[in-house]
Each structure stands twice: as C-alpha cells, then as structure tokens.
Amino acid sequence: MIKKNFVAVFIIVNIFVAYAHAAEKPQWGLQALMDQLAQVETSRAKFVEVKYDPLLKRPLYLKGILKYQAPDYIRKETYKPFYNQFAVQGNSLTITREGGKSRTIRMQKYPSLWAFVEAFRATLRGDLKKLQRFYTVTFQGTEKRWTLRLDPLNRRMKKKVRQIKITGRNAKIKSIEIIGMHGDRSLMTIVQL
Amino acid sequence: MSKSLEKVIAILWLLVLAASCVLFLKQANVVTDMTSLMPGATSPTDKLMLQQLRQGPASRMLIIGISGSNPGQLAGFSTELTEYLRSSDHFVYVNNGGEEASNKDREFVMSNRYLLSPADSSSIFSVAALKAKMQQQLQVLASPLGALTRSDFVRDPTGEALRLLQLWSSGLQQPEKQYGVWFSADGKRALMIAESKAAAFDLDRQETVLAIIQKKFDSIKGKNKATLIVSGPPVFAVDARRTIRKEVMWLTLISSSLVLVFLLFVYRSPVLVLIAGIPLFSGIIIAALFVNTVFGQIHGITLAFGITIIGVAVDYPIHLFTHRAPGESARVTMRRIWPTMLLAVVTTAVGYSAMILSGFAGLAQLGVFAIVGLLTAALTTYSILPVFMNYSRAHVPVYGGVVSFMALMRPLRWLPLLLIVLSSVTLLFMQERLWENDIANLNPASKSLKKNDKLLRQELKVADVARMLVVEADSLQSVLQKSERLVPELDRLVGEKVMDGYDHAARYLPSEQQQQQRQQALPGARELRTTMYLALQDTLFRQSGFSQFIREVQASKTQPLITLKDLDNTSMGLRLRSLLFRQDKHWVSLIPLHGNIKTDRLQAWVTTMSDPGLRFLDLKEASNRIINHYRDEALWYVAIGAVVILVLLLLRFRSIVMVTRILLPIVAAELTVVVVLLLLGFKLSVFHLVGLLLVMGIGLDYSLFFNREHGDVSEGHRTTQSLIICSVTTILVFGVLAFSQTPVLSTIGLTASIGSLLCLLLSATMVRKSWGYAPTFS
C-alpha cells in the first residue's frame with residue numbers, strides 16, 4: 001500500500017519535474033528580450049498619452065507618432081493638442097515646437113536628460129549594458145506579456161522620476177509609464193503601425 | 001708690514017669669506033618674485049596691474065589635459081582627479097565641467113532670482129505675460145522632459161532662474177562635453193581647470209602642487225597608458241627655474257673646467273689657478289651679503305645679473321700673475337700695476353653707480369652689488385693674492401704669438417672709428433626694430449610647453465583675461481552702482497562689435513539700491529493671486545499648484561539683501577572675488593572683456609566717459625610697459641654713468657687725445673656688438689643691456705691697461721699677453737653660456753663674449769708706438 005502510493009507519488013513528481021524542465025528550456029528572460037529587441041531595425045507606431053498631474057485641472061491627452069531607426073535614432077511627434085517633436089540622433093536632442101522653431105542640445109551636457117532618453121532608446125536597441133548604466137533593471141513576465149521596471153541611478157533624476165515602466169509583447173512595446181515624484185504620472189499606449 | 005702678518009691677514013680673509021658664505025646661505029632672503037623688482041607702484045594702474053600679475057586668478061590658473069585612452073576612461077580619471085584635488089587643501093577652485101551647475105549655485109540663483117534678475121517686474125507679472133508663459137510651459141510639462149523640469153516649474157513658472165544661469169554663462173564659451181565632463185572637440189582629451197591657492201611667484205609651493213597633481217594622477221590611472229599634461233603660468237615659472245638651475249650647473253661646470261685647463265696651460269702652476277678665483281668669489285659673496293643687509297633682501301635677478309657684470313674681476317688676478325717680471329716679488333708687481341687697475345675698477349664702479357639712483361628696486365640693488373663686488377675683488381687681489389703667489393713660480397714667460405698679435409692690430413688704428421660710423425648708420429636704419437617690446441618672447445619656457453599651452457587654451461576655449469575695464473569708487477556700494485550704470489553703454493558697445501562680451505561683479509551682486517528697487521517692484525500677495533487667477537482662467541492649470549511660487553515672490557519682497565558673504569561657496573562667489581576687491585582705501589570692480597576687442601574705440605569711449613574712476617587696462621601691454629621702463633631707465637643711468645666716466649678720465653689724464661684713445665675702442669665695441677646681435681636676428685632686451693654693461697667694464701680694463709705708462713718693451717708684451725689671457729678666459733666663460741637653451745643666459749653669454757673679443761681687438765689697435773715691436777724680448 002505504502003509502496004504503491006510511493007510509486008504513484010514518484011511518478012507524479014517525475015512528471016512535474018519533466019514538465020517544469022520542458023517549460024524552462026527556452027528560458028525566456030531579460031537577455032532574451034533584449035536580443036529580440038535588438039533584431040528590430042526600424043519601427044513606427046501611433047501613441048496615445050495621458051498625463052495626470054495635480055497641477056492640471058483634468059488629465060491631458062496627447063496623440064502622435066513614434067519612430068525608431070536602428071541604431072540610434074528615435075523621434076516622438078505629437079500632433080494633438082499641439083504640435084511638437086523630439087528627435088534624438090547620436091548625442092544630440094533636437095526639439096521642434098509649433099511654428100517650426102527648433103533647438104538642439106548636446107545630451108552629454110545634461111546627464112539626467114541623457115539618462116531619461118536612454119530609457120527608451122537603449123530599450124528599443126536591446127542595449128542592456130547601457131540601460132544598466134543608468135537604471136536598476138527588473139524584468140517580469142513572459143514573452144507574450146512582459147514588464148521592464150527601470151529605477152533611476154542618476155542622483156538628480158532620482159529626485160524627479162520614481163520609475164519608468166515599459167510593457168510589451170515579444171519585440172513590441174505596448175506601453176510606457178513614467179511615474180514622477182510629485183503625484184505626476186504619464187501613461188503612453190502604443191500601437192505598432 | 002711683516003710677511004707673517006700678511007699671511008695671518010690672508011688666512012683670516014679666507015675664514016671671513018667662508019663665514020660670509022655660510023651666513024649668506026643661511027640668512028639671505030633671495031626673492032624671485034619678478035614684480036618686486038618693479039618700482040614702488042607709481043600710478044594706480046601699475047599698482048593694480050602688479051596686484052593682478054602677482055595675485056590675479058589668471059596668474060595661478062592651471063589647465064589640465066588627460067589623453068591617451070578611451071573617452072569613458074578619461075572621463076573617469078578626470079572625475080576622480082577633480083574630486084581629489086577639491087578635497088586637498090591646495091586649490092581655490094577645481095572644475096572639469098562635471099556638473100550642469102552645482103547644487104549650491106542653482107540654489108543660490110533660485111532663492112535670490114528676483115533680486116538678481118535684470119528683467120522688468122511689471123512685464124514678468126502681467127496677466128498677458130503669465131498666460132503666455134503658462135501656455136508655453138504646458139507644452140514643456142506635457143513633453144518627455146516634463147518629469148524632469150516639473151519641480152523647477154512649480155517654483156519658478158516664469159523661468160527667471162534658468163534665464164539668469166543662461167545669461168551668466170553666455171559670455172563664457174564652454175568646451176565640449178563627453179560623459180558629462182569637458183573634452184577637446186576631437187574627444188581625445190579630457191580637460192580640467194584648477195586655481196591654486198599658492199601665489200604665482202611662490203615657486204616652491206607651485207612646484208609642490210604640480211607634483212601632487214602628477215602623483216595622484218599616476219596612482220589613479222594605474223597601468224593605463226593615459227598621460228597628463230598640465231599648463232599655465234605656474235608651470236612655466238617652475239619649469240623655467242628648473243631649466244635655469246640645471247643649465248647653470250652644467251654650463252658652469254663646463255666653463256670652469258675649460259677655464260681651469262686654459263689657465264693651467266698658461267701658468268703651469270696649480271697654486272695660481274687655485275687662487276685666481278678668490279677675488280671674484282670674494283666680490284660675489286661680500287656684495288650679495290651687503291645688498292641683503294642694506295635692502296633686507298636680494299633679488300634672484302640681482303644676484304644673477306650682478307655676478308655677470310662683476311665678471312670682469314676675473315681679469316684682476318690675471319693681470320697680477322702675467323705682469324710679474326722675472327725675479328720680481330709679487331708685492332712689487334702688484335704695486336706697479338695697482339694705479340691702472342684701481343683706475344679701471346673705479347671708473348667701472350662709477351659707471352654702474354648711477355643705477356643706485358634708480359626708482360626700480362632691482363636696478364638700485366644691481367648698482368650696489370656691482371660697486372661692492374668690484375671694489376672687494378680689487379682689494380682682495382691687491383692685499384691677499386701676492387701672499388699666496390709666493391708659493392708659485394717666479395714669472396710667466398711671454399709667448400711669441402703675442403708680438404705678432406700686436407704687429408697685426410696696430411696698423412688698424414682707423415678701425416674703431418670706422419666701426420662707430422658704420423654701426424651708427426646701421427642702427428639709424430634699424431631703429432624701428434631695435435628693442436624687444438613683448439616680454440612674452442623673453443619667456444624662458446620651452447617651445448613644447450608653449451605649444452601645449454596654446455593647444456589646451458584653444459580646446460578649453462579659455463577667455464582672454466588680459467583686457468579689462470577697471471571701475472573704482474570709495475565704497476563697495478558705489479562701485480557696484482557705478483558698474484551697473486555702465487551696463488547700457490557696455491551693451492551698446494557689444495552691439496557695435498567693439499567687443500564680444502563682458503562680465504561684471506554687479507551681475508552676481510547687484511548694489512543694495514538696485515536690489516531694493518527690484519524688491520519694491522515685485523507684486524504683493526493679493527495682487528499676484530489675482531493676476532494668477534486671471535492668467536490661469538482659460539488654461540489647464542490649477543491655481544492651487546502654484547502656491548509655492550506666490551509664497552516665494554512674497555518672501556523675495558522682504559528677504560534680506562544679498563551680501564558678498566552669501567556668495568561664498570558658489571562658483572559665482574569665486575568669480576566675484578576676482579572681479580571685486582578692495583585696494584587701499586578704494587573698492588575696485590573689474591569688467592573683463594571677451595573676444596575681439598577694438599582697443600582704439602574702447603579707449604576712445606573711456607575718454608568720452610571722462611571719469612577718473614574708469615580705466616581700460618591691458619595686462620599684457622602694461623607689463624610690457626613696466627619691463628621696458630626698467631630697460632629704458634637702466635639705459636638712462638648707464639648714459640649718466642658714461643658721462644661721469646668721461647669726466648673722471650679727463651681729470652685723471654688731462655688729455656683729450658688720451659681719453660679718446662681709451663674710450664674710442666669701447667664705444668666701437670659696444671656699438672658693434674649691438675649691430676652684430678641685431679644682424680643675428682635678435683632684438684635688444686634688458687638682458688642684452690646687462691651684457692653690454694659687462695662689456696663696458698671689460699673695455700675699460702683693456703683700454704686702460706693698453707694705455708698704461710710703462711718702462712720697457714717687455715712690460716708692454718706682458719700687458720698684451722695679460723689682456724689676451726683675460727679675453728680668452730671671458731670668452732670661455734660666456735661663450736659656453738651662449739649655448740644655453742634659456743634665452744636669458746644665451747643672450748648674456750653671446751653679448752659678453754662677442755664684446756670681450758671686440759674690446760681686445762679694438763683697444764689693441766690704439767696702443768702707442770713706444771709699445772714697440774722690438775725684435776727681442778725676454
């Protein structure tokens with residue numbers, strides 16, 4: 001009796017182990033996500049962003065287009081409720097406001113700004129090393145539904161940004177949430193084109 | 001005097017010399033600060049300039065470059081070195097561009113923004129302006145940068161603090177940055193600047209500071225191949241001193257060995273060679289000690305120049321040794337030539353004595369040094385040397401070559417006059433480029449150092465701090481008000497491209513009057529709340545979000561005014577301290593001018609302002625002026641000395657022909673040396689002048705001896721031989737110096753050796769026929 005039971009338990013345990021092993025085999029994790037992201041050469045997406053801030057009477061809705069071109073070009077173009085464009089190439093950030101007035105900043109001059117930009121660019125590029133230079137990176141979830149949590153390391157940025165949360169499916173980013181230190185928060189939902 | 005007494009005196013003298021030597025080494029206050037050579041600051045501009053040269057931040061600024069590795073690593077080294085140097089006690093200020101603006105700076109600007117900002121309150125706080133600003137800020141807040149700029153926005157929605165920081169840094173070009181620190185444009189070199197606490201002329205401390213930087217860098221980089229270069233005025237000064245010391249040691253060693261070998265060859269007596277140095281050595285020691293006692297200090301330059309111009313004292317023992325006739329006692333020889341030697345010493349000393357009257361401490365010291373040194377050397381030769389000479393051979397035979405030399409030179413009697421005419425004509429034509437007016441060209445720093453410095457300055461985009469406006473007034477407040485009143489004028493000048501930009505103290509510390517005006521112009525709490533309500537009405541912003549802003553504007557209205565002390569520990573405070581200071585009973589505010597400056601128009605503008613408390617100062621021009629003044633003054637006193645020499649010789653000889661015969665070769669030699677130097681491509685400086693002073697002493701010595709009354713032909717030959725030996729010795733000493741890498745040393749060496757040769761040749765043409773060419777001599 002005891003023996004029979006023991007055999008049954010043994011078999012069950014074995015099946016479990018085997019199953020767990022099989023499930024573990026592809027071992028989809030942070031590095032795998034980064035490798036997959038690194039494969040993407042170019043992407044375009046529509047976004048809707050909601051900005052919550054105690055300063056504002058009601059949340060602010062923004063709409064626009066995102067573009068990424070490997071290895072180092074990213075652009076965020078907002079159409080509504082006003083036009084502006086932020087484009088990063090190499091070390092420089094170019095800001096264009098309504099009316100076409102633009103100015104270019106060398107990001108190296110502003111470490112906190114640079115750290116902020118790399119949260120998106122290094123993620124899109126699958127550059128874990130660079131990401132880890134500026135953030136503590138935590139990975140959660142599965143290939144189909146993952147979340148990256150970025151906690152800033154830069155002293156000055158820490159005072160302003162609590163966390164950046166990026167979610168996605170495979171190599172596609174679904175949302176970016178920036179959580180500020182003063183009750184401010186922005187959530188951007190992204191639809192790939 | 002009995003022989004034994006003479007010996008006792010001689011030994012005692014040697015003991016006195018040894019004691020003096022020890023005393024000098026122990027007690028002497030040798031100063032190397034160039035500015036202490038200058039006159040006791042006559043004009044306020046000179047005074048200010050000297051103060052700036054001695055203590056100004058530019059004089060202590062070090063530029064540091066780290067290269068030879070990848071940018072990331074270089075940035076790391078730069079940061080680590082900066083942190084270490086800041087924590088050490090040697091620097092006022094160290095910066096590698098590491099932070100956007102330090103937290104202290106930002107906090108100072110933020111909390112004093114309404115007292116510092118030149119913007120007009122009524123326009124900042126109008127409904128329309130606030131509304132426009134808010135709409136604009138909404139875009140920023142909504143942008144990806146929103147999270148980063150939000151906390152500043154809540155405090156300062158109109159962006160006054162940011163505008164101030166931008167305004168303040170606008171005049172100063174910033175170098176490129178990589179990894180958050182300053183880099184050269186090509187990304188190969190990380191750059192830093194540091195201002196040492198040690199004064200520019202405190203070379204020992206500067207040397208220590210430089211060693212500390214290098215040592216720390218070596219330990220930081222470990223085995224990495226990165227290299228460090230440091231430049232700036234202190235590096236130049238320390239390097240120059242090291243080079244000069246090293247060169248002086250080597251050159252002295254070489255030239256004294258050469259002289260030693262030569263004298264041994266001529267006299268074949270170790271004793272004579274050994275004692276030949278005693279008079280010159282006595283002269284140097286006693287003169288240095290004397291100057292140090294009388295003036296309380298002796299300048300390094302006085303010591304160096306002084307030793308040079310009393311170099312003629314080497315001739316005295318040579319005369320004594322060479323003139324000794326067969327079987328003659330040394331004492332008798334000495335008495336025989338003493339009148340001539342004394343005359344040479346006295347005329348030379350008189351020639352230098354005029355310098356004592358100079359207002360330049362440096363020249364007065366030099367005059368005293370020369371006189372005391374020459375007299376001591378002559379007296380030592382007279383009283384001490386004969387005692388020791390008894391231990392050597394009786395006399396020095398005359399070499400045959402001497403006679404041929406005489407035969408060769410005498411027919412050229414017309415040569416001195418011809419040279420005087422030719423040289424004078426040449427000088428007239430070269431008048432324009434006679435003097436070296438830019439002291440930078442006399443800078444003894446090596447070429448590679450100068451090249452590094454230029455490169456680093458370009459890469460770092462260091463502003464030219466040499467030109468400035470000087471504003472003076474009785475009190476701190478009035479000097480600030482005065483420079484505030486200049487602002488519209490200065491802005492107009494920038495607009496008209498008379499200069500590219502400027503900086504001034506009232507920017508960082510507005511006058512109390514100005515601050516109070518700004519406070520009064522700020523809106524009251526109720527007024528501002530109403531304005532904000534109206535401005536925010538049709539926007540997305542809630543008024544409650546800006547309570548901090550309204551509170552801070554109110555606090556600014558009654559906050560204590562900003563004082564000098566408040567700026568301590570900010571980088572503005574450091575800048576302020578160099579721009580604003582007390583001098584005697586006045587307050588001085590400097591307004592450094594940037595970029596291309598149209599000096600003429602600026603000077604004209606200063607004149608039209610017709611304010612004695614406003615002046616234009618060009619540090620480089622002013623320091624050149626002072627050095628050139630030193631030179632001109634030296635020249636003037638030498639001219640006076642020359643007249644005195646002429647009078648003295650006329651009184652002594654009562655014969656114009658005789659005096660002409662003595663002076664003509666000297667004048668010819670001096671003029672020819674000048675022309676030769678110019679033709680070699682040199683321009684004359686104060687260092688040449690020192691060389692020419694030595695030539696004057698040598699020339700007097702040679703001429704007087706060649707024109708000496710003497711009994712027989714063989715004495716004439718002995719004199720000729722003596723002078724040839726003197727000249728060769730001088731040429732050996734100074735000729736070696738001419739090969740120095742240091743411009744100062746090579747200049748003096750070249751001048752003196754050419755001069756000595758010319759003096760010998762030219763005064764030899766002037767000897768009287770009675771010196772004869774007797775076919776026989778002993």
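Below, chain A is the first sequence line, B the second, and so on; all start at residue 1.
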Using non-hydrogen atoms and a 4.5 Å limit, figure out which bit of [X] sits close to chain B: side chain, backbone, both or neither.
{"X": "A/R185", "value": "neither"}
{"X": "A/Y61", "value": "neither"}
{"X": "A/L56", "value": "both"}
{"X": "A/L55", "value": "both"}
{"X": "A/I95", "value": "side chain"}

Query raised in the report: Do other residues, nucleotides or ligands put more than 12 heavy atoms under 6.0 Å from the NZ atom of A/K46?
Result: no

Report task. May I ask you to check whether over 12 heavy atoms, not counting those of A/Y79, lie within 6.0 Å of atom OH? Result -> yes

Query raised in the report: Given a strict heavy-atom distance threshold of 4.5 Å, which part of B/F183 is in contact with chain A: side chain, backbone, both, or neither?
Result: neither

List, one per line, each side-chain donor-acceptor pair under 3.5 Å for residues 31-41 of chain A, sequence neighbours excluded.
residue, atom, partner, partner atom, Å
A/Q31, NE2, A/D35, OD1, 3.1
A/Q36, OE1, A/W28, NE1, 3.3

Query raised in the report: Of all heavy-atom pairs between A/K57 and B/T539, which one has the smallest distance, and what is that distance?
Result: NZ-O, 2.8 Å

Query raised in the report: Under a 4.5 Å heavy-atom cutoff, which of A/K159, A/H182, A/M188 has the most pairs with chain B?
Result: A/H182

**Report entry** Residue-level interface, residues 129-142 of chain B with chain A, non-hydrogen cut-off under 4.5 Å
**Finding:** B/L138, B/Q139, B/V140, B/L141, B/A142

Query raised in the report: Distance from B/S143 atom OG to A/K51 atom NZ, nearest 0.5 Å?
Result: 6.5 Å

Query - Rounded distance (nearest 0.5 Å) linking atom CE of A/M157 with atom CG of B/L148 - result: 6.0 Å

Query raised in the report: By number, which residues in residues 160-177 of chain A have some heavy atom less than 4.5 Å away from chain B?
Result: A/K160, A/V161

**Report entry** Interface residues of residues 125-152 of chain A facing chain B - heavy atom cut-off under 4.5 Å
**Finding:** A/R133

